[in-house]
Number of protein chains: 2
Amino acid sequence: MGRKINTMEEFASVSGISRPTLSKFFNDAQSVKKSTRLKIEQAIEKYDYRPNFYAMNQNRRKTKNIGLVVPNLTDPFFAGIARKLEELIVLSGYNPLLLSSHGGPELEVANLDSLRSIKPAGVLLAPLGRASNVKKLKDFSQLVPTVLFDANVDGVGEAFFGSDNHQSIGLMVDYLARTGEPPKFFEMKDPINPNAYKRRAAYISAMEKLGLEPELLQVNGDGWNFEEIGFTSGRQIFQNSTHRRATILCSNDRLAIGLMSAAYESGLKVGHGAEFDLRIAGHDDHPFSRYTCPSLTTISQDYDAIGERSVSEMLKIIDGANGITERTEKLFEGRLVMRSSA
Amino acid sequence: MGRKINTMEEFASVSGISRPTLSKFFNDAQSVKKSTRLKIEQAIEKYDYRPNFYAMNQNRRKTKNIGLVVPNLTDPFFAGIARKLEELIVLSGYNPLLLSSHGGPELEVANLDSLRSIKPAGVLLAPLGRASNVKKLKDFSQLVPTVLFDANVDGVGEAFFGSDNHQSIGLMVDYLARTGEPPKFFEMKDPINPNAYKRRAAYISAMEKLGLEPELLQVNGDGWNFEEIGFTSGRQIFQNSTHRRATILCSNDRLAIGLMSAAYESGLKVGHGAEFDLRIAGHDDHPFSRYTCPSLTTISQDYDAIGERSVSEMLKIIDGANGITERTEKLFEGRLVMRSSA
DNA sequence: CCTTTAGATTTACACGCGTAAATAAATTAT
DNA sequence: ATAATTTATTTACGCGTGTAAATCTAAAGG
């Protein structure tokens with residue numbers, strides 16, 4: 001086995017491959033002939049060599065790092081997406097760098113800042129939305145290729161992929177109206193997420209299309225602790241008996257989870273059918289929505305599609321002989337998940 | 001404002017500070033005199049300079065990076081801990097690098113591998129536990145300072161900080177036995193998490209201490225989808241009516257969440273008091289356990305203490321003039337959180 | 001005031017790899 | 001087989017910083 005190989009120079013001499021060729025290989029394994037590739041791979045196996053990460057990236061025109069910024073990793077929804085994206089990035093031969101903004105715009109900016117110093121090939125960003133420091137985001141996206149997902153911010157990044165809230169909320173309203181009381185819409189008065197505004201608008205338009213009167217249940221509260229907000233304001237709402245026998249569509253599953261908890265405490269039975277007091281539905285198909293009591297009827301976002309499209313677009317931009325292209329935007333349709341709560 | 005400053009050399013000439021001094025400053029701001037520190041900080045502000053990350057780390061004996069590896073970021077419990085630790089690491093002047101093993105031992109090894117190439121000052125590792133490739137972990141921990149948290153693996157790392165399962169489960173068993181039917185213990189037959197074994201043993205010993213007969217409800221299933229396992233095996237259990245009017249202590253909250261969902265579907269009312277069919281308790285104070293229906297009685301681990309201690313021990317090791325010290329282990333006590341389910 | 005000393009500067013080299021240009025070797029096409 | 005083409009090698013320099021040693025400067029102490 002011999003001594004430990006520490007530099008590419010040493011590795012070149014023991015493997016019998018010249019250093020520049022090795023350098024090419026480590027930048028892109030496909031760029032060398034198959035026979036030499038195999039020889040190199042065997043030598044790597046044998047000597048357990050890997051190039052110095054820092055020296056390697058110092059003079060590269062483009063690193064192989066892709067930043068991945070989500071608004072809040074504590075939210076299992078984003079954790080799931082992040083996982084999916086990480087997987088796709090690794091499969092493409094890049095290495096992901098996961099950062100969470102923990103709900104704070106300062107941290108979002110700080111994350112982009114620390115990413116800048118890492119000179120990433122590109123960044124996949126799910127922005128905080130309304131809370132975001134738009135100017136800083138825009139500045140950043142001019143310096144490094146940026147693709148937005150989940151939430152859109154006008155003029156930031158070269159592409160956006162997200163869910164078609166209009167379609168999905170329309171679908172849900174339609175379903176709820178066909179199967180019982182038409183839904184009221186439960187949301188925060190000043191939501192942080194731009195999707196929330198789209199969903200509100202989609203709800204109103206869907207109701208009007210059906211000739212029904214929209215009714216918004218707007219509650220106070222800020223921050224990202226949606227369950228708590230749903231719970232506390234739900235308790236207040238349910239003291240008022242006018243909302244019994246109602247159908248409530250929540251702007252997202254986390255609000256719905258809090259609301260269901262409040263309904264339970266208020267002695268209201270949630271579910272669809274004659275023997276229940278209340279129907280509650282959500283949006284996002286949160287990992288836990290399957291296990292609420294009762295299980296939550298919701299909308300599943302097509303995050304496989306969003307993830308794949310985001311990453312493939314990113315790679316296209318990185319390889320980019322494209323020059324100045326239009327900012328692409330695409331919305332993917334959601335799927336109705338009928339469970340017990342509505 | 002002038003042109004953009006790109007190198008430390010340029011920054012040295014415009015700031016009037018010599019390059020070696022700047023280098024010292026960027027390595028440790030406290031290592032230069034206060035007056036020069038202020039001058040440098042003003043210049044940084046003015047010229048928006050920051051050193052090249054890669055060039056900077058290439059020749060440093062120790063980088064300022066600390067790896068942070070958790071078994072599964074999709075689990076909000078670990079997401080929360082990771083967040084806490086990230087915060088502490090940043091506060092200490094280091095930058096965290098968060099990696100998730102997504103429940104897989106291969107990925108755990110891969111994570112450590114990619115950390116190795118980054119030459120971190122240290123690594124905080126919550127190992128998968130039984131599934132872990134112990135040899136690789138041990139090899140790794142010999143190369144880079146490693147502190148374990150959450151789950152212990154014999155002989156790996158220079159310290160371990162976790163929860164005192166014996167104490168916490170004892171506390172819970174005591175509480176449950178005093179207030180109703182003595183608890184049965186619900187768990188996976190072959191759990192992946194080493195804590196699960198400790199909790200099982202703790203349950204048995206706590207029951208025996210009270211002169212009660214331990215009863216284990218061991219269910220099949222593997223992987224990390226605890227809610228699903230709790231749910232499907234819960235359904236089977238509740239078809240059998242012998243478990244009605246029982247008290248069930250779950251090995252962790254996620255199993256409990258699944259189990260409560262199964263109880264709900266089976267028409268069993270969970271809660272403490274005469275009018276309820278079943279009591280269910282968990283362990284961990286999972287972020288969602290507050291919002292289950294009914295809210296879940298559980299044990300809250302002292303993760304503030306665990307986090308702070310893990311990071312401070314890490315820093316001590318990094319600064320380390322310590323030489324060969326004993327492997328430190330410390331368990332922190334859990335707190336009983338009495339809610340509605342038991 | 002001089003001495004001591006912590007801290008800054010000057011100088012110079014090292015780090016491990018990227019990359020370019022010229023050349024040589026291997027492969028493929030004719 | 002020879003020419004054309006692709007791929008690898010040789011050589012050499014550059015990247016932006018860390019760091020060591022010697023020297024100089026300024027603050028602190030008496």
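Proteins come first, then strands; the chains are lettered A, B, ... in the order of their sequence lines, and each starts at number 1.
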Here the distance between atom C1' of C/dT9 and atom CD of B/Glu9, to the nearest Å, is 13 Å
**Q.** Validation row, ring centre A/Tyr303 to ring centre A/Phe77 under 6.0 Å
**A.** yes
inquiry  = With a 4.0 Å cut-off on N to O distance, would you call B/Arg83 and B/Glu86 a salt bridge?
reply    = no
- Message: Under a 4.0 Å threshold between the charged nitrogen and the carboxylate oxygen, would B/Arg50 count as salt-bridged to A/Asp113?
- Response: yes
Separation of C/dC17 atom P from A/Phe25 atom CZ, nearest Å, is 14 Å
Original post:
Taking NZ, NE, NH1 and NH2 as the nitrogens, is one of them in B/Glu10 or B/Lys4 under 4.0 Å from a carboxylate oxygen of the other?
Top reply: no
Closest of D/dC15, D/dT17, D/dT19 to the B/Arg61 side chain is D/dT19
Check the interface with nucleotides 5-9 of chain D: list each N/O to N/O pair with the protein under 3.5 Å, or write none.
unit_1 : atom_1 : unit_2  : atom_2 : d
D/dA8  : OP1    : A/Lys33 : N      : 3.1
D/dA8  : OP1    : A/Thr36 : OG1    : 2.6
D/dT9  : OP2    : A/Ser18 : N      : 3.1
D/dT9  : OP2    : A/Ser18 : OG     : 2.6
D/dT9  : OP2    : A/Thr21 : OG1    : 2.7

Is any side-chain nitrogen or oxygen of B/Tyr49 closer than 4.0 Å to OP1 or OP2 of D/dT17? yes
B/Asn59 CG to C/dC15 C1', in whole Å, measures 4 Å
Output yes when B/Asp28 and B/Lys24 qualify as a salt bridge under the 4.0 Å nitrogen-oxygen rule, no when they do not.
-> no
- Considering just the side-chain nitrogens and oxygens of B/Thr7, establish if one lies under 4.0 Å of OP1 or OP2 belonging to D/dG16. no
- Query: Looking at B/Glu158 and B/Arg327, does any basic side-chain N land under 4.0 Å from a carboxylate oxygen?
  - Reply: no
Looking only at C/dC17, C/dT19, D/dA20, the nucleotide nearest the A/Ala55 side chain is C/dC17
Separation of D/dG16 atom C1' from B/Met56 atom CE, nearest Å, is 12 Å
task: Give a yes/no on whether any side-chain N or O of B/Asn27 is located under 4.0 angstrom from OP1 or OP2 of D/dT19.
output: yes
